[in-house]
*Asks:* 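Dropping a structure here in structure tokens format, bear with me for questions.
Whatever order the structure lists ligands and atoms in, that order sets their numbers, starting from 1. Not measured: the values here are computed from a predicted model.
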Amino acid sequence: MSGVSAGRGKTQTTKDSASVFLPTGLKVYTALVTLLLGILLFCPLQEIYTEKVNLTMANKAERERTFIMVKPDGVQRGLLGEIVKRFEKKGFKLVAMKFMWADETLLQKHYGDLSSKPFFNGLVKYMRSGPVCPMVWEGLNVVKTGRQMLGETDPANSLPGTIRGDYCIEIGRNICHGSDAVDSAKKEIDLWFTGDELVQWKANEEPWLYE
Ligand code: DAT
Ligand code: MG
């Protein structure tokens, strides 16, 4: 009995204090609800904003891909690192790279549009004379900029500062290849690489390269 009465007494006390502190309780409750609503609203908004910023950057950075290849003379002359370095330092992102001997069929397909040229057989033979290093680079306007970095097809016409302008002399030994258009880049990438070989990754320097 005494327990019941003690319990009753306790309940009464709690009721009393609740009614005394109700306005403060309500304030705290309102503040908590407002805070919660604020967090609930702010987070998705911030997420949407961040996503949009990232997307804008990604769109710029991932707008284009090009196919660059160091030819057998470039490899033999120890210029592989130099050519990779130029693309890397420019800020382009490496998507794929391999070191291989290219077979005749692959090279005939790669240079298919030049098959009627008198230098075609010599070109394929030269490209089979040693290992090559095909690569995929990504970035804003990378196709056009890549070609500018390579220089003219004939090194004699290539400006100093370009890869061919700095490191080679003759058209038949021009050390590197670069896609000449976005469409041909797509075809060349598909010809030389499987989908699995194109590496998905986020370059940390992107926010410092694209605004
Ligand atoms: P690029 O490699 O600049 O795209 P291209 O596609 O016209 O030039 O030719 C492919 C390669 O063929 C080129 O890098 C070197 C070789 N080549 C082109 N014209 C040549 C020529 N007149 N004599 C010998 N080789 C030539
Ligand atoms: Mg070409």
Side-chain angles (χ1 to χ4, degrees), residues 60-199:
K60 272 190 179 178
E62 290 166 16
R63 195 161 288 170
E64 233 171 72
R65 284 179 175 179
T66 193
F67 176 75
I68 301 290
M69 176 163 51
V70 180
K71 296 180 178 180
D73 46 342
V75 171
Q76 290 288 358
R77 293 185 49 218
L79 294 166
L80 176 53
E82 177 62 33
I83 294 168
V84 171
K85 188 182 84 180
R86 289 193 180 206
F87 279 84
E88 207 175 25
K89 286 200 160 182
K90 174 74 178 166
F92 290 131
K93 186 173 121 183
L94 183 65
V95 173
M97 174 191 255
K98 54 189 174 186
F99 188 56
M100 59 184 276
W101 286 82
D103 65 34
E104 194 164 352
T105 314
L106 178 60
L107 292 166
Q108 278 172 347
K109 276 188 196 159
H110 176 76
Y111 283 124
D113 56 337
L114 298 174
S115 58
S116 61
K117 300 283 181 191
F119 57 83
F120 180 73
N121 288 338
L123 175 62
V124 172
K125 195 175 166 202
Y126 146 63
M127 291 298 294
R128 288 183 62 203
S129 65
V132 291
C133 181
M135 295 172 261
V136 177
W137 290 89
E138 185 179 89
L140 186 65
N141 293 327
V142 69
V143 172
K144 187 174 175 227
T145 309
R147 289 285 288 192
Q148 285 169 341
M149 288 166 67
L150 257 55
E152 297 298 319
T153 305
D154 187 347
N157 301 326
S158 300
L159 290 174
T162 62
I163 293 166
R164 286 165 175 167
D166 285 350
Y167 299 117
C168 52
I169 298 167
E170 273 203 310
I171 195 165
R173 295 291 181 271
N174 63 4
I175 69 171
C176 50
H177 167 85
S179 310
D180 59 8
V182 176
D183 276 358
S184 50
K186 283 196 182 106
K187 280 183 201 150
E188 290 171 357
I189 292 168
D190 285 349
L191 181 64
W192 288 84
F193 289 96
T194 63
D196 290 350
E197 289 172 328
L198 306 175
V199 179

*Asks:* Does Asp103 pair with Lys109 as a salt bridge, N-O distance under 4.0 Å?
*Replies:*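 So Asp103 does not pair with Lys109 through a salt bridge.
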*Asks:* How would you list, by chain and number, the residues with a heavy atom under 4.0 angstrom from ligand 1?
*Replies:*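 Lining ligand 1: Lys71, Tyr111, Leu114, Phe119, Leu123, Arg147, Thr153, Arg164, Ile171, Asn174.
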*Asks:* Indicate the ring-plane relationship of Phe87 and Phe92, choosing parallel, tilted or perpendicular according to the 30° and 60° boundaries.
*Replies:*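 Aromatic pair Phe87/Phe92 classed tilted.
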*Asks:* With the threshold set at 4.0 Å, does a side-chain nitrogen-carboxylate oxygen contact exist between Arg173 and Glu170?
*Replies:*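 Judged by the 4.0 Å cut-off on N to carboxylate O distance, Arg173 and Glu170 do not form a salt bridge.
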*Asks:* Go through it in stages, so that I can follow the logic: the residues are Asp166 and Arg86, the test is salt bridge (Lys or Arg N to Asp or Glu O under 4.0 Å), and I'd like the CA-CA distance, side-chain angles, deciding distance and then a yes or no.
*Replies:* CA-CA 12 Å; Asp166 285 350; Arg86 289 193 180 206; 2.9 Å; yes
*Asks:* Hey, is the main chain of Pro155 close enough, under 3.5 Å, to the side chain of Asn174 for a donor-acceptor pair?
*Replies:*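 Checked: no pair found.
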*Asks:* Mark yes when over 12 heavy atoms from residues, nucleotides or ligands other than Leu198 sit less than 6.0 Å from its CG; otherwise mark no.
*Replies:*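 Yes - once you tally the heavy atoms of other residues, nucleotides and ligands closer than 6.0 Å, there are more than 12.
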